[in-house]
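Note sheet for the following structure.
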Amino acid sequence: MQFGELKRREIITLLGSAAVAWPLAARAQQAAAVPVIGYMDTASASTTAHLVEAFRRGLSAPGYDEGRNVAIEYRWSEGDYDKLPALAAELVRRQVAVIATINTPTILAAKAASQTIPIIFGVGVDPIKFGLVASLNRPGATSRA
């Protein structure tokens, strides 16, 4: 065996190992990606700190802890409802996994911003009347509004 042939084999082995390891490393990085939740409110962070804390506790119960295995992007309109469409659009551009809203104006802004990102809401108006859900039995079904 010649020196050049040995080097060629080492290089081919190295490239082959890298070709196998690179997709595995890429998949590991993708698997490690943390889901992002968008959270919208019409008030300020200080006004609704107790609601945010309750939201975090609710996420923690099934094992989702902010900063560990989930991230939360907060958007506050500070009482300016005209900001809501832009705030919802920011969350859509951020490609959040879900948008959590707290009241009717934020629900409607989130729904107008995206037809594909799930919206979670706890309070609001009649969700069927406003076209937020198709039915209470199947809220995830497409509404006709």
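Count residues from 1 along the sequence. Side-chain atoms are counted along with the backbone in the values below, which use heavy atoms only and exclude waters and symmetry mates.
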Are any side-chain N or O atoms of Thr48 and backbone N or O atoms of Leu51, one a donor and one an acceptor, separated by less than 3.5 Å?
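Side chain of Thr48 to backbone of Leu51: no pair is present.
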
Using modelled atom types and a 3.5 Å cut-off, is there a donor and acceptor pairing between side-chain atoms of Ser44 and backbone atoms of Thr47?
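Yes, because the side chain of Ser44 sits within donor-acceptor range (under 3.5 Å) of the backbone of Thr47.
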
Dump the intermediate steps for side chain to side chain contact (heavy atoms under 4.5 Å, CB included) on Ile119 and Val98, then the final yes or no.
CA-CA 6 Å; Ile119 302 166; Val98 64; over 6 Å; no

Can you name the nearest heavy-atom pair linking [X] to [Y], along with the distance?
| X | Y | value |
| --- | --- | --- |
| Pro85 | Ala109 | N-CB, 4.3 Å |
| Gln115 | Lys111 | NE2-O, 2.8 Å |
| Phe121 | Thr101 | CB-OG1, 3.3 Å |

Between Arg68 and Glu66, is the closest basic N to carboxylate O distance under 4.0 Å?
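Looking at Arg68 together with Glu66, the answer is no, because their closest N to O distance does not fall below 4.0 Å.
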
Is it true that Glu90 and Arg75 have a side-chain N and a carboxylate O under 4.0 angstrom from each other?
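Salt bridge present between Glu90 and Arg75.
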
Pairs involving residues 98-108, ordered by first then second residue, that meet salt bridge (Lys or Arg N to Asp or Glu O under 4.0 Å) (sequence neighbours left out)
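Output for this query is empty, none listed.
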
Please report the C-alpha distance between Leu87 and Ser77 in whole Å, then the side-chain angles of each, then the deciding distance to 0.1 Å, and finally whether the side chain to side chain contact (heavy atoms under 4.5 Å, CB included) criterion is met.
CA-CA 8 Å; Leu87 297 177; Ser77 75; 3.8 Å; yes

Quick one: do the Thr106 and Asn103 side chains pair a donor with an acceptor below 3.5 Å?
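Short answer, yes.
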
So Gln95 and Val36, side chain to side chain contact (heavy atoms under 4.5 Å, CB included) or not? Walk me through it.
CA-CA 8 Å; Gln95 297 181 339; Val36 179; over 6 Å; no

